[in-house]
There are 2 protein chains.
Amino acid sequence: MLDALGDPTRRAVFERLRKGPLPVGEIAKGLPVSRPAVSQHLRVLKGAGLVRDRQDGNRRLYSVDPNGLETLRAYMDRFRDEALVSFKKAAEREGGEG
Amino acid sequence: MLDALGDPTRRAVFERLRKGPLPVGEIAKGLPVSRPAVSQHLRVLKGAGLVRDRQDGNRRLYSVDPNGLETLRAYMDRFRDEALVSFKKAAEREGGEG
DNA sequence: ACTTACCGTAAGTCATGGCTAACCGAGGGC
DNA sequence: GCCCTCGGTTAGCCATGACTTACGGTAAGT
């Protein structure tokens, strides 16, 4: 999941889909890599559950997968909550003895 | 930022700090890599603003940086919001013409 | 049917970066 | 002062994976 977002180019691909579905060629346009490279990134993103694809005549439209987005958010929130709790505990401990 | 969380081992290091501050040796214990490897991961995490460190006598205590956590959350939320908005738009378009 | 546009896949190259081993400095206990 | 623990840094090795080139397959247009 986060593995997939580790690569900057792949993150750029992902972020390009933020505004809505795009065909592969359109995604590749403006990126400093070839179209096959984009295809490979899309495969990884799809494997991670972050994007979906749908056939549209000649082209293939990729879009952000809302499920993946929620999973990501859930992971982040959980982590954040636990970290903040232990932070608060540490602060209390500090206050109690300081 | 997300680059730093791309590596599984580094993510494991990061997640170990979720419960509170830990010295390097303690983090390395239980991980399948050597202590220097952990040190290197911590350097990257620190560079990304995800962890902080504080000297504690002989040891060095690492902990999650709440600022980094907020930055991460802000990035995620913004992305998510934009994606969901364009999703809703697409659904309306679909509904309008279907 | 021929051509053109779109795209996924395979093979091969090459740089990135994660890991270990070895070294060094700093702090604390005796 | 000596020793031991803790941990950051470096050098060097090596696997991972990102990228390009070349190819094949499908859909639309004429």
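All values below come from the heavy atoms of this structure, side chains included, with hydrogens, waters and symmetry mates left out. So you know, we letter chains A, B, ... as the sequences are listed, proteins then strands, and number each from 1.
The phosphate of C:dG27 has neither OP1 nor OP2 within less than 4.0 Å of any side-chain N or O from B:Arg59.
To the nearest 0.5 Å, atom OG of residue A:Ser63 and atom CZ of residue A:Arg54 are 6.0 Å apart.
Comparing A:Gln55 and B:Tyr62 by the nucleotide of DNA chain D that holds the closest heavy atom to each, the one mapping nearer the 5' end is B:Tyr62. Each of B:Glu26 and A:His41 has a nearest nucleotide on DNA chain D; the 5'-most of these lies closest to B:Glu26.
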A:Leu22 vs A:Tyr62, side chain to side chain contact (heavy atoms under 4.5 Å, CB included): CA-CA, chis, key distance, verdict: CA-CA 5 Å; A:Leu22 283 178; A:Tyr62 280 88; over 6 Å; no
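Looking at heavy atoms from C-beta onward, A:Asp3 lies in side-chain contact with B:Pro8 at the 4.5 angstrom threshold.
Between A:Asn58 atom CG and C:dT3 atom C1' there is a gap of 13 Å when expressed in whole angstrom units. In this structure, A:Lys46 atom NZ and C:dC7 atom C1' are separated by 12 Å, rounded to whole Å. In this structure, A:Arg43 atom CZ and C:dT9 atom C1' are separated by 7 Å, rounded to whole Å. Rounding to whole angstrom units, CD1 of residue A:Ile27 and P of C:dC7 are separated by 8 Å.
At distances below 3.5 Å, not a single donor-acceptor pair connects side-chain atoms of B:Arg35 with backbone N or O atoms of B:Glu26. Remark: side-chain polar atoms of B:Ser39 are not paired, donor with acceptor, to backbone N or O of B:Val24 under 3.5 angstrom.
Where the helix from C:dA1-D:dT30 to C:dC30-D:dG1 starts and where it ends, the local axes point in directions that differ by 30°; five pairs per end, rounded to 10°.
Annotation: proximity of residues 7-18 of chain A to DNA chain D (heavy atom, distance under 4.0 Å) is found for A:Asp7, A:Thr9, A:Arg10, numbered in ascending order. Interface residues of residues 31-40 of chain A facing DNA chain C, ordered by number: A:Arg35, A:Pro36, A:Ser39, A:Gln40; criterion, heavy-atom separation under 4.0 Å.
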Only distances under 3.5 Å count here; give the side-chain donor-acceptor pairs of residues 69-80 of chain B to other protein atoms, sequence neighbours excluded, each with its distance to 0.1 Å.
from: B:Glu70; atom 1: OE2; to: A:Arg80; atom 2: NE; distance (Å): 2.9
from: B:Glu70; atom 1: OE2; to: A:Arg80; atom 2: NH2; distance (Å): 3.2
from: B:Thr71; atom 1: OG1; to: B:Asn67; atom 2: O; distance (Å): 3.0
from: B:Arg73; atom 1: NH1; to: A:Asp77; atom 2: OD1; distance (Å): 3.0
from: B:Tyr75; atom 1: OH; to: A:Glu15; atom 2: OE2; distance (Å): 2.3
from: B:Asp77; atom 1: OD1; to: A:Arg73; atom 2: NH1; distance (Å): 3.0
from: B:Arg78; atom 1: NH1; to: B:Glu82; atom 2: OE2; distance (Å): 3.0
from: B:Arg78; atom 1: NH2; to: B:Glu82; atom 2: OE2; distance (Å): 3.4
from: B:Arg80; atom 1: NE; to: A:Glu70; atom 2: OE2; distance (Å): 2.9
from: B:Arg80; atom 1: NH2; to: A:Glu70; atom 2: OE2; distance (Å): 3.2

Can you give me every donor-acceptor pair (side chain of residues 40-53 of chain A, partner residue at least two apart or in another chain, under 3.5 Å) with its distance?
from: A:His41; atom 1: ND1; to: A:Arg10; atom 2: NH1; distance (Å): 3.3
from: A:Lys46; atom 1: NZ; to: A:Asp53; atom 2: OD1; distance (Å): 3.1
from: A:Lys46; atom 1: NZ; to: A:Asp53; atom 2: OD2; distance (Å): 3.3
from: A:Arg52; atom 1: NE; to: A:Asp65; atom 2: OD1; distance (Å): 3.4
from: A:Arg52; atom 1: NE; to: A:Asp65; atom 2: OD2; distance (Å): 3.3
from: A:Asp53; atom 1: OD2; to: A:Arg60; atom 2: NH1; distance (Å): 2.7

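Taking a heavy-atom distance under 4.0 Å as the criterion, the stretch of DNA chain D touched by chain A extends 5' to 3' from D:dA18 to D:dA28.
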